[in-house]
Amino acid sequence: MTDLATLLEVGGPVAALGGGAAYARARHPGVYWSTVGLPVSTVRLLSSYGSVMEACGLTVVPSRLRVLAVKATTRREVRPVPPRRGIIRPTTTGLRVRLRLAPGQEPADVAASAERLRHAWGVHAVYVTTVKPGVVELRLVGFDVLRRVRMPRKLRPDLLRVPVALREDATPFVRDYRTVPHQLTLGATLSGKSMYLRHLVAGLARQPVALVGIDCKRGVELAPFAPRLSALATDPEQAAELLPVLIKEMEDRYDLIKARQGIAPNTPDKEITSDIWGLSEHERPMPVVLFVDEVAELFLVATKKDEERRDEMVTQLIRLAQLGRAAGIYLEVCGQRFGAELGKGATMLRAQLTGRVCHRVNDEASAKMALGDIAPEAVSAACAIAPELPGLAVAGDTSGGWSRIRTPYLSLGDAAETCREFAHLVPDLPALKPFRPDVPVRPPVETPSPVVWPRPVTD
């Protein structure tokens with residue numbers, strides 16, 4: 001009876017501790033990783049490193065000098081040599097450790113064993129990156145960071161660089177317009193494409209950049225950001241008037257580059273290899289980012305007259321994509337569907353869009369149109385995105401690399417408030433003034449009038 005009472009006294013706290021750990025793992029994975037997962041995975045890695053590397057085939061035959069030294073000093077069996085391990089660096093989402101590859105090994109050997117290492121050390125995922133020749137870094141992620149996105153706190157903002165999402169390896173996905181000037185973003189309804197666009201607009205609103213929008217859904221997506229927009233077209237007719245103005249602005253900037261850098265005035269634009277960033281800061285024009293939402297609306301036509309207008313707009317978009325980077329004009333093309341059946345020029349326009357972000361789409365053809373020409377293996381990952389995970393997407397570029405990302409939640413009201421807060425940063429571009437959207441006046445907040453109590457009547 002005494003033993004039973006003692007067992008109950010001990011078992012109660014243990015059960016409570018186990019239940020608390022299970023709750024933290026399900027609801028607060030970051031807390032669970034810091035308190036339980038990190039120590040356990042570190043012990044597993046330290047205690048089983050050599051045997052795991054040998055089981056994964058990541059060991060090599062030791063050198064003759066090492067064999068002679070071991071036989072001369074000890075009677076131990078000479079075992080294969082694993083990659084030399086560096087210091088284990090814990091993070092809030094996992095572990096980092098560098099490995100110096102043994103002679104004859106390559107990073108692809110370690111990357112091929114990433115799934116085995118994940119199971120051996122009890123982590124959510126293992127990613128391999130090359131630091132320098134002969135050295136790779138293992139990034140061990142302790143839990144699914146895309147289930148509940150928390151952006152890293154230490155992010156350095158820079159001109160035309162906006163952190164918009166989190167990668168599956170817990171690193172931020174940064175939209176860098178200087179590196180990837182133009183991008184195609186696809187996503188079906190409720191896939192998170194609008195959330196991605198909000199982060200871009202809110203991030204660029206804080207910077208000295210001109211924001212221009214074409215939203216053929218009557219402006220329902222971009223109109224809330226009107227205080228920070230330099231121009232907004234809400235239908236194809238207005239877009240047909242705005243695009244030639246941007247083309248003229250681009251040509252004027254090329255003339256400025258020619259004049260300031262001593263290039264002959266009759267030099268063709270395609271032979272100019274410099275850009276506005278070669279100009280001095282006081283002469284450099286303001287960068288322009290053009291957002292095109294629902295790009296398919298620019299391709300759809302109903303009459304012969306609309307077809308001529310469509311061809312002209314598509315040609316102008318292609319020209320901006322081909323020549324706009326050097327003039328500091330960048331494109332962010334968004335849509336639900338993008339394929340060759342949209343019409344003439346669709347494939348040519350896509351070829352100029354270096355970056356690709358594909359959210360959940362309704363058909364495999366759209367995923368192939370977004371990612372098939374740069375990373376064919378990413379198409380299946382894009383088609384496997386579940387509707388229950390809005391904001392999840394596959395990001396890639398023409399280098400062939402791709403990764404899964406997810407955008408954190410940002411309400412439309414917060415993004416619009418950011419645009420109102422930084423409305424004073426709207427640059428003075430005379431050519432775009434006719435297209436400046438009307439900014440609605442915010443109604444004054446009604447404050448309740450103070451209650452005045454009647455004074456007591458005194459004799």
Side-chain angles (χ1 to χ4, degrees), residues 93 129 139 145-146 149-185 192-213 222 225 228-230 253 274-281 284-293 320-321 324-334 352-359 374 391 393-399 401-410 414-415 417-419 421-427:
T93 58
T129 57
R139 182 186 293 271
V145 296
L146 298 185
V149 179
R150 293 181 179 273
M151 295 294 290
R153 296 180 180 179
K154 297 181 180 179
L155 293 176
R156 297 181 179 179
D158 198 3
L159 182 63
L160 294 174
R161 286 174 51 90
V162 182
V164 292
L166 189 68
R167 298 181 186 269
E168 58 185 344
D169 62 353
T171 59
F173 174 76
V174 180
R175 177 72 176 95
D176 188 352
Y177 287 91
R178 297 285 299 275
T179 304
V180 182
H182 313 304
Q183 182 169 277
L184 174 64
T185 303
K193 175 173 57 66
S194 298
M195 194 73 62
Y196 182 89
L197 186 62
R198 290 177 198 172
H199 277 274
L200 280 178
V201 175
L204 291 172
R206 299 176 170 88
Q207 304 180 14
V209 178
L211 304 181
V212 178
L222 297 178
F225 315 131
R228 186 59 182 84
L229 296 181
S230 298
R253 295 186 176 196
S274 187
D275 51 32
I276 64 169
W277 305 107
L279 302 176
S280 59
E281 187 174 353
R284 184 184 307 147
M286 184 75 69
V288 177
V289 178
L290 172 61
F291 295 96
V292 182
D293 192 51
L320 287 174
R325 183 206 62 81
I329 300 177
Y330 308 96
L331 269 62
E332 195 74 33
V333 180
C334 306
Q352 301 297 329
L353 305 177
T354 306
R356 311 287 175 82
V357 173
C358 183
H359 294 76
I374 61 172
V394 175
D397 54 48
T398 52
S399 65
W402 64 276
S403 63
R404 295 197 312 160
I405 64 172
R406 192 177 187 187
T407 309
Y409 176 76
L410 176 64
D414 291 341
E417 182 62 31
T418 301
C419 291
E421 180 182 355
F422 295 94
H424 62 280
L425 294 180
V426 176

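Counting begins at 1 with the first residue of the sequence.
- Taken to the nearest 0.5 Å, the CG atom of L222 stands 9.0 Å off from the OG atom of S194.
- The side-chain heavy atoms of Q183 and R356, taken from C-beta on, include no pair separated by under 4.5 Å.
- Between C334 atom SG and L184 atom CG the span is 8.0 Å, to the nearest 0.5 Å.
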As a quick check of understanding, evaluate side chain to side chain contact (heavy atoms under 4.5 Å, CB included) for L229 and V212, giving each step before the final call. CA-CA 6 Å; L229 296 181; V212 178; over 6 Å; no
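- The shortest non-hydrogen separation linking M286 to P427 is CE-CB, 3.7 Å.
- Between D275 atom CG and R325 atom CZ the span is 5.0 Å, to the nearest 0.5 Å.
- E168 CD to L166 CG: the interatomic distance, rounded to the nearest 0.5 Å, is 10.0 Å.
- Side-chain atoms of R406 come within 3.5 Å of backbone atoms of L146 as a donor-acceptor pair (strictly under, hydrogens ignored).
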Is there a side chain to side chain contact (heavy atoms under 4.5 Å, CB included) between L290 and L320 once you walk through the steps? CA-CA 10 Å; L290 172 61; L320 287 174; 4.1 Å; yes
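- By the 4.5 Å heavy-atom criterion applied to side chains, V149 and T407 are not counted as neighbours.
- Between M151 and P163, the closest side-chain pair of non-hydrogen atoms falls below 4.5 Å.
- Closest approach of A321 to Q352, counting heavy atoms only: CB-CB, 3.5 Å.
- Between G328 and I276, the shortest heavy-atom distance links the atoms CA-CD1, 3.6 Å.
- For T171, the side chain to side chain donor-acceptor pair (under 3.5 Å) partners at least two apart in sequence or on another chain are D169.
- The closest side-chain heavy-atom distance from L353 to V333 is below 4.5 Å.
- The line from CD1 of I405 to CZ of F173 is 4.5 Å long, rounded to the nearest 0.5 Å.
- Here the options are T185, V164, D293, the test is side chain to side chain contact (heavy atoms under 4.5 Å, CB included), and the partner is L197; only D293 passes.
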Report all side-chain donor-acceptor pairs from residues 198-209 shorter than 3.5 Å, counting only partners two or more places apart or in another chain.
residue : atom : partner : partner atom : Å
R198    : NH1  : L410    : O            : 2.8
H199    : NE2  : P408    : O            : 2.8
R206    : NH1  : A202    : O            : 2.9
Q207    : OE1  : L160    : N            : 2.6
Q207    : NE2  : D158    : O            : 3.1
Q207    : NE2  : R161    : O            : 3.4

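- With hydrogens and angles ignored, the 3.5 Å screen pairs no side-chain donor or acceptor of R175 with any backbone N or O of A165.
- Classification of the H182-Y330 ring pair by plane angle, with boundaries at 30° and 60°, yields tilted.
- One finds the OH atom of Y177 at 3.5 Å from the CD atom of E332 (value rounded to the nearest 0.5 Å).
- Residues L211 and F225 form no side-chain contact, since every pair of their non-hydrogen atoms from C-beta on lies 4.5 Å or further apart.
- Contact between R253 and A327 at its shortest, heavy atoms only, is NH1-O, 2.9 Å.
- Residue A170 comes nearest to P152 through the heavy atom pair O-CG, 4.4 Å, listed as atom of the first residue, atom of the second, then distance.
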